[in-house]
Amino acid sequence: MSPESIQNGDSASKSIDQRGMKRKRLQSQEHGSGESSTVNGELRKEPSTEPSPRDDQDDYPVGNFSPDTKLRLGKSISIRDLENRPHGGVQASQDTSTNGRLRQLRSQATILRKFRQQLPIWPSSSTIRSFLQSDRPQVLILTGETGSGKSTQVPQFLLSERWCRNGCIAVTEPRRVAAIGLAKRVGSEMGVRLGKEAKGLGKRQEDSVGWSVRLDNNVSRARGVRTRIKYLTEGMLLRELLRDPYLESYAAVIVDEVHERSIGVDLLLGFLRLLLFGEGDGPKRKNPLKLVVMSATTNVESLKEFFSEGCPDRKALVEQISTEEAEGEWEGFSDAESEAFASKKPDAPKKAHVAHPQDNKLAKAQVGPVSSYHVEGRQYPVKIVYLNEPTQDFVESALSQIFEIHRKEPLPGDILVFLTGQDTIESLERLINQCAQELDRKLPRVLTLPLFAALPQAAQQRVFERPPSFTRKVILSTNLAETSITVPGVRYVVDSGKVKVKQYRSRLGLDSLLVKPISRSSSIQRQGRAGREAPGICYRLYTEPDFLQMENETMPEILRSDLSGSVLSMKACGISDVAEFPLLSPPPRDALEKALIHLLQLGALNDSGDITEVGKQMSKMPLSPNLARIIIEASQPELDCLEDVIDIIACLSVENIFINVVSDEKREQAHEARQNLYRREGDHLTMLATVQAYLSEHSNRKAWAEKYFVSHRAMQSVMDIRKQLLAQCVQMGLSSNSSFQNSEPEKRTVTILRCLLKGFMGNIARLMPDGSYRTILGNQTVAIHPSSVLFSKKVEAIMFSEFVFTNKSYARGVSSIQMDWIGELLAGSGI
DNA sequence: GAGCACTGC
């Protein structure tokens, strides 16, 4: 493909005119305000300012970074990285007394305040508060583009409200790093001590900001401390709902990043709707709960409808509004907002049109249970360039596009390329490096940096480093850079328009992992990555008609996942008819049925569909139902292999513990080194052997891991999860006496495998005369994945922990089993 | 002969 074939002109600017009218308008305002380097420089002079993780959705007008390092971090970097920084943006105090520390925190907060005031959301504070002032439960749907400041400011706005005076606000985030990073940021803005750092102030109450994510709960339990804001991952709030169904400990819940439509968010919205507006059997909470749903996109209507549907006095609300004089103002305001956004008319009436209830005593009564509001973002304009003709090979198109940019555009300005996976990233990396050698000496050098989740942490961190002088970075990334990591310095985005998605097919009980076109919203999100620091260009490796044909939104995760975990959570929360559970995107009935049947087979539900004792125990574990069931099986006193099984389950809960080696030579080497760890019974016992070998290494585990080509990072998570699971089993009274530990290894191995089989009943295949494997339930052909120790081996039958279709059906995590175990098992389970 | 991205007391 020739560079000329890439369109560069009018059609590109047309589409930004349509969608990006705000950006154009913002451009003129923005260059003179906020993000300028003078402000940056000013902040830099403050000795107490540290480079802190930046909220990638809601930027500060000043990056808190030293421009010297050019290190700009997204909402998501490594947790360790966050932990190594002093809390709250304040460096260790020389005055170690509590009062000295608090004084210092307060002065820091005063400095930060003027930057908060420059955030686009700042002027909307009182309007936002006014939506939630009635004495009924209320929902506010708050949309705002990247950089508006909503994740950090909205909780602080609400704190001063009467209904929140002594309460705590929960804010959920989809990622751990985001939750921790935001908590630290907001803590320093408020000038309070973080989490357990807060110890109380004698007679006076001390306010604090905390966070709660798996394996890291940093919320003060001290008597004199009020935790005012708590950032949690979605999963953690779901766990809290199991314990405290009415969330009595919170005055408000803020659900952030709803547009990502994770399973967690969808379930939370369902539970929260029931909690707010659930069947009218009397008040469930002492005080009405307030809910703020925050989303980046404009799809307000479906959210509005979702909550209005659940609201019992919906009719009353509608009548009330239509009889109020100010009717047009409230409804009209939000309509004008969404209309303006949809029809791309600039300067549609906005704030001027809004009646601010705090200015109008009657207005309070006008605010219904469900309202919506939109805040402007802060983003530089990005020009869009489409291909004229569709491409057959996006790797090749990306290659020529990258070099066209490189020849044409001056530095600075790094290139971010969105690809589908490790394979395409590595092949493009090779191609670029070949071409770069023949590059004109006068042109800047090219530094190619791959970025995907399976890449070791140190290699991932390289995208944050400043390149050598006269060098352009070309970052080749998966979707990781779309939401989780914000790469600094990017002005050019090359978008393949593709993504690899995992989709569960309940009929086959199989995940497929296939390359698909992205959605329009995802395409816009990728484009936005070019306009973080300066105006940018997004080169789409597809045509404009292709763009127009894309789905509007990415399919919500709940429609493409195994629902057994979600259904178990619902059942544990007392939802008897799961088909009635309110979901924004209800999954098809057969997907729910499949999940119910699976839970029945596992013994989590009984024949009438009620949750069993085993099911209740399973629901408390931070594991999929399959894995949770295995733990419970292993805890039976007569089997007693709990500790060994926990070691295996911990490995199954993290990414691959073995390092992927690229070259053939290294692969041989790794294979050789791992011989001591490999077990002929299969991958699960190999995992056990690896954990045990790692545990018995006391001197230098890092070196040990390197020697065996084992991922040290993965093993550290295995250790954490193992510890957590052991503690939880003790707490749940799942026993483990070690009498059996001394029995013959052979017998122990069989016991362990039979426990695993209890959770992987559907995942069994036997060897056919032609040498292939076929599943017992479903009679599907399945191949042992090349990463398995049993790859190319023939055994009587296999059990596997994962069943994934890529270019064919693969079994991953495979163990050898015997046919006669299966008969007993199936007889016992009623299949 | 091959591995999208997240998450959980």
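A note on names: the letters A, B, ... follow the listed sequences, proteins ahead of strands, and every chain is numbered from 1.
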Run the salt bridge (charged side-chain N to carboxylate O under 4.0 Å, His left out) test against A/Asp647 and tell me which residues pass, sequence neighbours left out. A/Arg722
Which is true for A/Glu234 with a 4.0 Å heavy-atom rule: it touches a base, it touches only sugar-phosphate, or it touches nothing? nothing
Under 4.0 Å: is that the gap between some side-chain N or O of A/Thr478 and OP1 or OP2 of B/dA5? yes
Where is the tightest heavy-atom contact between A/Ala296 and A/His259, given as atom of each residue plus distance? N-ND1, 2.9 Å
Is it the case that the side chains of A/Ser772 and A/Asp770 hold a donor-acceptor pair, with the cut-off being a distance below 3.5 Å and no angle test? yes
Can you tell me how far C1' of B/dT7 sits from CZ of A/Arg239, to the nearest Å? 10 Å
How would you label the contact of A/Asn807 with the nucleic acid (heavy atoms, under 4.0 Å): base, sugar-phosphate, or nothing? sugar-phosphate
Distance-only criterion, 3.5 Å: show the donor-acceptor pairs between side-chain atoms of residues 516-523 of chain A and protein atoms not counting sequence neighbours.
| unit_1 | atom_1 | unit_2 | atom_2 | d |
| --- | --- | --- | --- | --- |
| A/Lys516 | NZ | A/Gln503 | OE1 | 3.1 |
| A/Ser519 | OG | A/Ser521 | OG | 3.2 |
| A/Ser519 | OG | A/Ser522 | N | 3.2 |
| A/Ser519 | OG | A/Thr554 | N | 3.2 |
| A/Ser519 | OG | A/Thr554 | OG1 | 2.8 |
| A/Arg520 | NH2 | A/Leu548 | O | 3.1 |
| A/Ser521 | OG | A/Glu553 | OE1 | 3.4 |
| A/Ser522 | OG | A/Glu482 | OE1 | 3.0 |
| A/Ser522 | OG | A/Glu482 | OE2 | 3.1 |
| A/Ser523 | OG | A/Arg540 | NE | 3.3 |
| A/Ser523 | OG | A/Arg540 | NH2 | 3.1 |
| A/Ser523 | OG | A/Tyr542 | OH | 3.1 |

Whole-Å distance between B/dG8 C1' and A/Glu240 CD? 12 Å
Measuring to OP1 and OP2 of B/dG1, would you say a side-chain N or O of A/Ser787 lies under 4.0 angstrom away? no
Per A/Ser484 side chain, nearest of listed nucleotides B/dA2, B/dA5, B/dC9: B/dA5
DNA chain B: A/Leu623 or A/Ala453, which has the more 5' nearest nucleotide? A/Ala453
For atom OH of A/Tyr810 and atom P of B/dG1, their distance in whole Å: 8 Å
May I ask you to say whether A/Glu240 pairs ionically with A/Lys230, meaning some side-chain N is under 4.0 Å from a carboxylate O? yes
In whole angstroms, the gap separating C1' of B/dC9 from CZ of A/Arg221 amounts to 10 Å
Just compare B/dG3, B/dA5, B/dG8 and give me whichever is closest to any side-chain atom of A/Leu480. B/dA5
Within the 4.0 Å heavy-atom criterion, would you say A/Glu557 contacts the bases, only the backbone, or no part of the nucleic acid? base
So, is A/Asn660 near the phosphate of B/dA2, with a side-chain N or O under 4.0 Å from OP1 or OP2? no
Could you tell me whether A/Gly264 contacts a base, only the sugar-phosphate backbone, or nothing, with contacts defined as non-hydrogen atoms closer than 4.0 Å? nothing
Give the rounded distance in Å between these two atoms: CG of A/Leu267 and P of B/dC6. 20 Å
Value in whole Å for how far the P atom of B/dC9 lies from CE of A/Met618: 16 Å
Which nucleotide in the list B/dG1, B/dG8, B/dC4 gets nearest to the side chain of A/Val213? B/dG8
How about A/Ser585 and A/Arg261: does a side-chain donor come under 3.5 Å of a side-chain acceptor? yes
Pick base, sugar-phosphate or nothing for A/Arg214, based on heavy-atom distances below 4.0 Å to the nucleic acid. base
Would you indicate what A/Leu513 reaches in the nucleic acid, counting non-hydrogen atoms under 4.0 angstrom: base, sugar-phosphate, or nothing? base
Would you indicate what A/Leu725 reaches in the nucleic acid, counting non-hydrogen atoms under 4.0 angstrom: base, sugar-phosphate, or nothing? nothing
In whole angstrom, what separates A/Asp683's CG from B/dG3's P? 15 Å
Rounded to the nearest angstrom, tell me the gap between atom CZ in A/Arg526 and atom C1' in B/dA5. 11 Å
Answer yes or no: does a side-chain N or O of A/Arg667 lie under 4.0 Å from OP1 or OP2 of B/dG1? no
Categorize A/Ser477 for me: base, sugar-phosphate, or nothing, with a 4.0 angstrom heavy-atom threshold over every strand shown. nothing
Verdict with reasoning, A/Phe803 to A/Gln780, per side-chain contact (heavy atoms from CB on, under 4.5 Å): CA-CA 11 Å; A/Phe803 190 18; A/Gln780 299 173 70; 4.0 Å; yes
OP1, OP2 of B/dC6 versus side-chain N and O of A/Ser262: anything below 4.0 Å? no
Starting at the 5' end of DNA chain B, which residue's closest nucleotide do you reach first, A/Gln724 or A/Val501? A/Val501
Touch class at under 4.0 angstrom, heavy-atom based, for A/Thr806 against every strand present: sugar-phosphate
B/dC9, B/dT7, B/dC4: which one has an atom nearest the side-chain heavy atoms of A/Lys500? B/dC4
